[in-house]
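Order of the sequence lines fixes the chain letters, A, B, ..., with proteins taken first and strands second; residue numbering starts at 1 for each chain. Every heavy atom of this structure was used, including side-chain atoms; hydrogens, water molecules and symmetry mates were not.
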2 protein chains.
Amino acid sequence: MPALSKRDQLVNTALAMFTRDGFHSTGINGILEEAGVAKMTLYKYFKSKDELVVAALRLRDERFRDWFMQYVEADDAGPRERLLRVFDALNLWFNDKSVPGDKFRGCTFVNAASEYHDIDNPVRSLCAEHKRMMSMYLRGLVVQAGLRNPDSLAQQLNLLVEGAISNAYVCGDKNSALTGKAAAEALIKAAG
Amino acid sequence: MPALSKRDQLVNTALAMFTRDGFHSTGINGILEEAGVAKMTLYKYFKSKDELVVAALRLRDERFRDWFMQYVEADDAGPRERLLRVFDALNLWFNDKSVPGDKFRGCTFVNAASEYHDIDNPVRSLCAEHKRMMSMYLRGLVVQAGLRNPDSLAQQLNLLVEGAISNAYVCGDKNSALTGKAAAEALIKAAG
DNA sequence: TATAAAATATACCGATCTGTATATAGAGTT
DNA sequence: AACTCTATATACAGATCGGTATATTTTATA
């Protein structure tokens, strides 16, 4: 298997460090040291730190959504069970059982949005886009389950997802995914 | 009315700037300039920037909870309506109609937790404590409404609250409070 | 082996960061 | 008028920040 390109080494290291220590707290020099890459190489591939941030978030988006959807759709569950498996996936994530070695530190995109207050920053667009894709995926699951008012229900379930993530991180409530699951079951039942 | 003490000037200015620009992005020097206070005065009242952050968050916690509870309990609503007024309060907040001049930039405590990854940092304890008090207040409303399984229901409603906040900020969905309200109504109805 | 591309080392820029040292000015009290 | 407390101005320390300039070395390919 081929070694990672210098560019990929940078993006991987940057993502790990941004996730671990935050975006503004993580300096360029630290990333270069940990990645074992020269500064000039970084600025060959990226015009600025912000561009590196965007690249790291793109990688996170790809990895996370792949893992998430793969888990939800595994085990040949029926459409109804699949919808509830969303919360089982969250439960694994919160308890560090998603990607190996990946310590849960909240949603990387929520964290990024918290650090980049300027709504016009490309980082913010990327965060919103990630959340939009996650909620659209959820909507698809609701449609497949044949439930009434799929748009409305999907938006409500999405709040449970986002609330569980926030609560798991800020309050350290590792059980919040199961709370969300119980609420989801009630909403789904009510929606026939 | 007496002018604010230098200490209070500092804390007020710091809170406004932390809220507007973030915690790590806001430097001591900028706060001093905007507050019109000398640097030595700051370090007379606070041992470090972190202590100023904590003081600013305490002020935010006090102000926000006061406003929130005052709104929920106004208009002599019955216990059931009061519970739903929680989401009306969120709706005002998201649409910049809570505290005058207060532009919505997500939950200050979620944002702080996003920037301070060390769980042992006093900032993190304060964020968790704020959320705990908010959820306990919610639990009280559920109990007053005489609903079944108040603990379980309150936790579920809390996820809707936190999800609405997150979604309103990250996705700019100014309508998320009403989505949360609809979900809350369904959960409450199901709980008899 | 010659050549082009990729990556490196090193030094530096100006700015900003948190925090400290020192010395001075103003206000109120005794 | 002497004293005390608060606040100020100014300068500075030491570190780190993002980013650039220059020149050299490694690597891959022709």
Do [X] and [Y] pair up side chain to side chain, a donor and an acceptor below 3.5 Å, judged on atom types alone?
{"X": "N111(A)", "Y": "S114(B)", "answer": "yes"}
{"X": "N158(A)", "Y": "K131(A)", "answer": "no"}
{"X": "K181(B)", "Y": "N91(B)", "answer": "no"}

Any base atoms under 4.0 Å from K6(A), or only sugar-phosphate, or nothing? Heavy atoms, all strands.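 Sugar-phosphate contact only - K6(A) comes under 4.0 Å of backbone atoms but never of a base.
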So does [Y] get a backbone contact from the side chain of [X], meaning a donor-acceptor N/O pair under 3.5 Å?
{"X": "E115(B)", "Y": "H24(B)", "answer": "yes"}
{"X": "R85(A)", "Y": "E73(A)", "answer": "no"}
{"X": "H117(A)", "Y": "T19(B)", "answer": "yes"}

Round to the nearest Å and state the distance from [X] atom [atom1] to [N] atom [atom2].
{"X": "L52(B)", "N": "dG19(C)", "atom1": "CG", "atom2": "P", "value": "10 Å"}
{"X": "K44(B)", "N": "dG19(C)", "atom1": "NZ", "atom2": "P", "value": "18 Å"}
{"X": "L10(B)", "N": "dA7(D)", "atom1": "CG", "atom2": "C1'", "value": "11 Å"}
{"X": "L42(B)", "N": "dT20(C)", "atom1": "CG", "atom2": "P", "value": "11 Å"}

OP1 or OP2 of dA7(D) under 4.0 Å from side-chain N/O of Y45(B):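 True: Y45(B) side-chain N/O within range (under 4.0 Å) of dA7(D) OP1/OP2.
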How would nucleotides 10-21 of chain D be written as a contact map, 5' to 3', with B for base contact, S for sugar-phosphate-only contact and - for no contact, using protein heavy atoms under 4.0 Å? -------SSBBB
